[in-house]
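Taking it in order: structure first as structure tokens, then the write-up.
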Amino acid sequence: MQLTQKSVVVSGRVRLARNYADLPFSRPGNGECAQLCIGRAVSAMEKACPNRYDLCRLSEISATDQLALVESHLISNDLMKNSATGAALIRDDRKISIMVNEEDHLRIQAMVDGLNLEDAAHEAFIAEEALEKAHGFSFDPQLGYLTSCPTNTGTGLRASLMLHLPMLDHFKQMGTVNQSVAKLGLTLRGIYGEGSDALGSVYQVSNQITLGRSEKDIIEAVTVVGRQLISMENKLRQRYLQNSATELRDRIMRSYGLLRYAVSMDEKELMQHWSHLRLGICMGMLPHSPEQADRLLTTAQDAHVKQYVTKHAPQITLKEGRCHLIQETLAQEETNPFSQADSEG
Amino acid sequence: MICDECGKNLAVFSVTITSGSGTSNRHLCSDCMKKMEATFSQGTFHSFLSSILGMLGTAQQEQDERVCGHCGLHYSEFERTGRLGCAHCYQEFANELKPMLQRIHGSSQHVGRAPLNAAEPGESSVSVASEPTRQQLLEQRIQELRQKMDEAVTAENFEAAAQYRDEIRALTQEAGETSCS
């Protein structure tokens with residue numbers, strides 16, 4: 001068994017907060033300004049990347065579809081709260097989304113599968129430049145990019161890594177980790193960012209400080225801490241396997257059995273078993289890929305399940321639908337890179 | 001000890017606030033602690049944030065009724081919501097915001113990316129202050145080195161951390177001399 005970064009990193013994300021220089025900041029009720037922002041963003045991105053971005057006005061889609069976008073991390077909870085004027089421009093590969101009329105006029109976010117936040121930043125800056133060429137952003141030589149909330153002023157950049165840390169959780173290390181991370185100007189949050197729980201031992205590590213540190217330094221700091229957490233988690237996984245292999249295998253296989261054969265399951269229970277599923281895959285014990293587990297992290301959440309049930313089986317409950325969906329996904333056995341490494345090495 | 005918030009009652013609670021410049025303690029009386037707990041119980045990030053922003057800007061509370069001439073935002077509204085009305089608010093409320101930014105981020109000088117047209121004097125620039133002084137540049141460099149030192153410690157690279165520490169010491173001394181001169 002070979003534990004790698006991939007066994008811990010679920011995804012990486014870089015988000016830029018920007019505001020148009022000639023407009024007041026986003027405010028609920030200022031519909032005229034909000035529509036102007038949407039129009040500007042749409043025309044800028046259409047000019048830069050024709051036919052690649054789809055506009056999604058939240059007012060035109062159902063609450064379930066909005067929530068599904070939150071579950072896919074394409075929009076934030078805050079944008080959903082502002083659904084009257086909120087919109088998102090989503091690139092066809094779903095790796096970039098530009099939220100319009102959230103707390104700031106624009107929130108440009110780029111996502112990557114692994115640890116490479118520099119790639120995500122590069123993509124975000126390309127989109128930012130396309131938007132800026134059309135209409136300039138609020139910027140002050142001393143304070144940097146001016147944002148609605150002073151906590152984002154400066155670079156307006158938030159770099160985050162989504163990490164699966166079941167062993168740090170199991171050995172109750174997260175409190176200590178949180179304190180150390182805070183000293184570096186970073187923060188640990190749950191799966192859906194601010195204020196969310198760390199369901200399934202999924203944590204987001206991101207920078208809190210945006211002023212006085214360059215984009216490069218911020219990304220470096222988040223990556224360094226990410227690497228450290230990956231190393232700690234992997235060491236604990238190895239130790240647990242050496243000392244309590246039967247217990248570990250039993251936990252993983254019990255959860256796997258439930259995911260494969262249960263008939264009804266709520267989201268909370270799913271997350272507990274999902275965590276064991278991903279751990280089992282990354283320990284080379286299950287015939288699936290980590291990507292399969294990561295897909296379930298999105299598709300087996302409430303709103304996605306509701307979409308699935310409405311489309312395919314309107315007579316069954318959400319909890320039943322969740323089990324159908326999980327079992328459809330797990331019916332496809334995929335090559336497990338971690339068990340391959342084991343047999344080779 | 002007297003409460004840091006109201007300045008009247010006896011402080012019986014100690015609250016630790018972590019920001020970019022490190023951690024600071026605030027001593028609160030029962031009444032002010034209840035107010036803070038009430039903010040927590042409302043559960044929204046912004047209500048919590050605005051209570052912290054309010055605490056960071058207490059020195060300027062007497063100026064709460066200041067209004068941004070461009071968007072009409074009252075400073076008290078910012079304290080309540082944690083959100084500014086427009087880019088000009090940064091200039092209008094500069095006296096309050098500059099120390100607040102320093103407390104939140106441990107710095108008040110932007111480092112990094114600038115817009116394509118930033119070098120040209122344009123409408124988009126809302127100048128809050130003139131070019132950074134030598135003192136500010138020194139402080140900025142010290143801040144960067146502190147961050148690198150922390151990262152080196154995290155990576156258990158103690159040799160590099162010691163070098164950063166020595167450099168910080170030298171620059172801190174220089175900054176002290178600059179500010180005295």
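Everything numeric in this text was worked out from a predicted model, so none of it was measured. Naming convention: chains lettered A, B, ... in sequence-line order (proteins, then strands); numbering from 1 in each chain.
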For this session: Start with the C-alpha distance between A/Thr153 and B/Tyr90, add both sets of side-chain angles, then the distance that settles side chain to side chain donor-acceptor pair (under 3.5 Å), and finish with yes or no.
Result: CA-CA 10 Å; A/Thr153 306; B/Tyr90 279 92; 2.6 Å; yes
Exercise. Do B/Asp150 and A/Lys183 have side-chain heavy atoms sitting under 4.5 Å apart?
Worked result: no
Seminar exercise, completed: Looking only at B/Cys86, B/Cys71, B/Gly112, most heavy-atom pairs under 4.5 Å shared with chain A are made by B/Cys86
Exercise. Can you find a pair of side-chain heavy atoms, one from A/Glu128 and one from B/Arg113, that are under 4.5 Å apart?
Worked result: yes
Seminar exercise, completed: Between the CZ atom in B/Arg83 and the CD atom in A/Glu103, the distance rounded to the nearest 0.5 Å is 5.0 Å
For this session: Among the options A/Asn19, A/Thr147, A/Leu23, pick out the one with the most heavy-atom pairs lying under 4.5 Å from chain B.
Result: A/Thr147
Exercise. At what distance, to the nearest 0.5 angstrom, does SG of A/Cys149 lie from CZ of B/Phe78?
Worked result: 6.5 Å
Acceptor/donor pairs from residues 174-182 of chain A side chains to any protein atom, 3.5 angstrom cut, sequence neighbours excluded:
residue	atom	partner	partner atom	Å
A/Ser180	OG	A/Thr176	O	3.0

Exercise. Non-hydrogen atoms of chain B under 4.5 Å away: do they reach the side chain of A/Tyr20, the backbone, both or neither?
Worked result: neither
Exercise. At what distance, to the nearest 0.5 angstrom, does CE of B/Met100 lie from OG1 of A/Thr151?
Worked result: 11.0 Å
Exercise. Between atom CD of B/Gln102 and atom CG of A/Leu211, what is the distance when rounded to the nearest 0.5 Å?
Worked result: 8.5 Å
Name the atoms and distances for all side-chain donor-acceptor pairs under 3.5 Å in residues 217-231 of chain A, with sequence neighbours left out.
residue	atom	partner	partner atom	Å
A/Glu220	OE2	A/Lys216	NZ	3.3
A/Thr223	OG1	A/Ile219	O	2.6

Exercise. Shortest non-hydrogen contact from A/Tyr145 to B/Ala114?
Worked result: OH-C, 3.2 Å
Exercise. Can you name the closest pair of heavy atoms from A/Ser138 and B/Ala87 and give their distance?
Worked result: OG-CB, 3.5 Å
Exercise. Taking all atoms of both residues into account, what is the closest heavy-atom pair of A/Pro150 and B/Leu97, and its distance?
Worked result: CG-CD2, 4.3 Å
For this session: Considering non-hydrogen atoms only, spot the tightest contact between B/His110 and A/Leu143 and give its length.
Result: CB-C, 3.6 Å
Exercise. Nearest 0.5 Å, what's the CG-CG distance between B/Leu84 and A/Leu146?
Worked result: 9.0 Å
Exercise. Any side-chain heavy atom of A/Gln142 within less than 4.5 Å of one from B/Ser108?
Worked result: yes
For this session: Measure the shortest side-chain to side-chain distance between A/Arg27 and B/Leu73 over non-hydrogen atoms and say whether it is less than 4.5 angstrom.
Result: yes
Seminar exercise, completed: A/Glu215 and B/Val111 have their tightest heavy-atom pair at OE1-O, 4.4 Å
